[in-house]
Protein chains: 2
Amino acid sequence: MNELEPEHLKSAGLKSTLPRLKVLDLFKNGQARHMSAEDVYQLLRDSGDNVGLATVYRVLTQFEQAGLLVRHNFEGGKSVFELNEGTHHDHIVCMQCGHVEEFYDSAIESRQKKIAAELGFEIHDHTLQIYGDCTKTKCPHRR
Amino acid sequence: MNELEPEHLKSAGLKSTLPRLKVLDLFKNGQARHMSAEDVYQLLRDSGDNVGLATVYRVLTQFEQAGLLVRHNFEGGKSVFELNEGTHHDHIVCMQCGHVEEFYDSAIESRQKKIAAELGFEIHDHTLQIYGDCTKTKCPHRR
DNA sequence: GTCGCAAACGATAATCATTCTCATTTGCAT
DNA sequence: ATGCAAATGAGAATGATTATCGTTTGCGAC
Ligand SMILES: [Mn+2]
Ligand SMILES: [Mn+2]
Ligand SMILES: [Zn+2]
Ligand SMILES: [Zn+2]
């Protein structure tokens with residue numbers, strides 16, 4: 001019973017189907033910001049929806065191409081997606097509990113540009129992930 | 001007919017077998033610095049050696065754990081290995097020809113430390129890759 | 001230099017994430 | 001309501017990597 005928003009799909013040139021609306025809703029109104037295809041599949045399944053895993057993969061890729069989602073390849077072999085909110089950021093991931101924090105550092109970004117220029121590259125993209133432990137003591141991210 | 005160096009393996013607690021010596025030799029005396037398991041397998045095969053692909057995977061992982069090699073996960077789904085020469089560096093990869101340049105930037109490294117500290121993380125590791133084109137004109141890395 | 005045996009190998013089956021195939025369903029314009 | 005291309009879902013296929021298991025080999029003890 002969540003708000004469905006077909007306008008985003010239409011404006012992305014995608015017809016508004018039930019699976020697409022549900023996946024988009026998960027990213028917009030769900031609790032987890034970074035989700036793998038399997039995560040999405042299980043969440044939809046748990047909420048009683050019958051979507052195929054192949055459809056989840058297809059839709060995630062389509063949303064990525066449409067600019068609605070961004071794909072990341074953290075360690076662990078599976079792609080992770082998040083809502084594209086326009087602004088770039090990088091990630092620091094806890095190797096104990098999997099918690100992810102986001103950050104943006106203009107000094108790092110500008111150094112990258114300078115390095116690429118010096119080496120004669122035109123940057124298309126970059127990925128920066130820091131892996132660590134979020135707090136030695138009580139890991140499951142204290143708050 | 002290359003120099004084989006069993007001492008590195010012994011000091012790493014690995015017994016000096018033929019496949020291990022050949023793989024290590026490829027990284028020490030071969031032409032490519034960054035190689036996937038399949039790359040290594042094909043190169044050994046081309047040079048007439050009969051090593052199993054499973055053995056290549058096993059040996060690469062063992063060398064990584066022994067600290068002889070470092071593993072990277074560039075885009076493309078396959079792990080890439082290189083000789084561990086003690087000093088950390090990051091990579092910029094050409095999306096046209098696959099050429100890889102290495103760089104180290106202390107400003108980026110120290111910003112990362114600061115960010116992790118601010119967010120309450122103890123850094124274990126990080127990966128930074130820049131993807132781009134090495135030169136619009138004649139890509140296959142001009143000299 | 002043999003022996004013995006655990007460690008390592010090689011071939012191949014299995015696993016995992018992801019993509020492909022294809023028969024069936026569905027969004028949506030007439 | 002009808003038609004049909006586009007989308008879906010179940011399951012097969014793929015590509016990278018790992019596990020299994022019978023055979024081979026490095027190497028220390030004799
Ligand atoms: Mn993020
Ligand atoms: Mn390198
Ligand atoms: Zn960044
Ligand atoms: Zn670095």
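So that the names make sense, note that chain A is the first sequence line, chain B the second, and so on, each numbered from 1.
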OP1 or OP2 of C:dT19 under 4.0 Å from side-chain N/O of A:Tyr57: no
Nucleotide D:dT25, atom P - distance to CG of B:Asp49 in whole Å: 14 Å
Touch class at under 4.0 angstrom, heavy-atom based, for A:Ser79 against every strand present: sugar-phosphate
Atom-pair distance (CD on B:Gln62; P on D:dT18), nearest Å: 12 Å
Touch class at under 4.0 angstrom, heavy-atom based, for B:Thr55 against every strand present: base
Qualifying residue, where the test is ring-ring contact (aromatic ring centres under 6.0 Å, His included) with B:His91 and the options are B:Tyr131, B:Tyr104, B:Phe103, B:Phe74: B:Phe74
Selected nucleotide, minimal atom distance to A:Lys15 side chain, candidates D:dA7, D:dC27, D:dT17: D:dA7
Options C:dC28, D:dG9, D:dT18, nucleotide nearest the side-chain atoms of A:Val51: D:dG9
Integer-rounded Å distance: D:dA19 P and B:Arg58 CZ: 11 Å
Nearest listed nucleotide, side chain of B:Pro19, among C:dC20, C:dC9, C:dT19: C:dC9
Among C:dT12, C:dT19, D:dT8, the one nearest A:Arg20 by side-chain distance: D:dT8
Nearest to side-chain heavy atoms of B:Lys78, which nucleotide of D:dG26, D:dA16, C:dA11: D:dA16
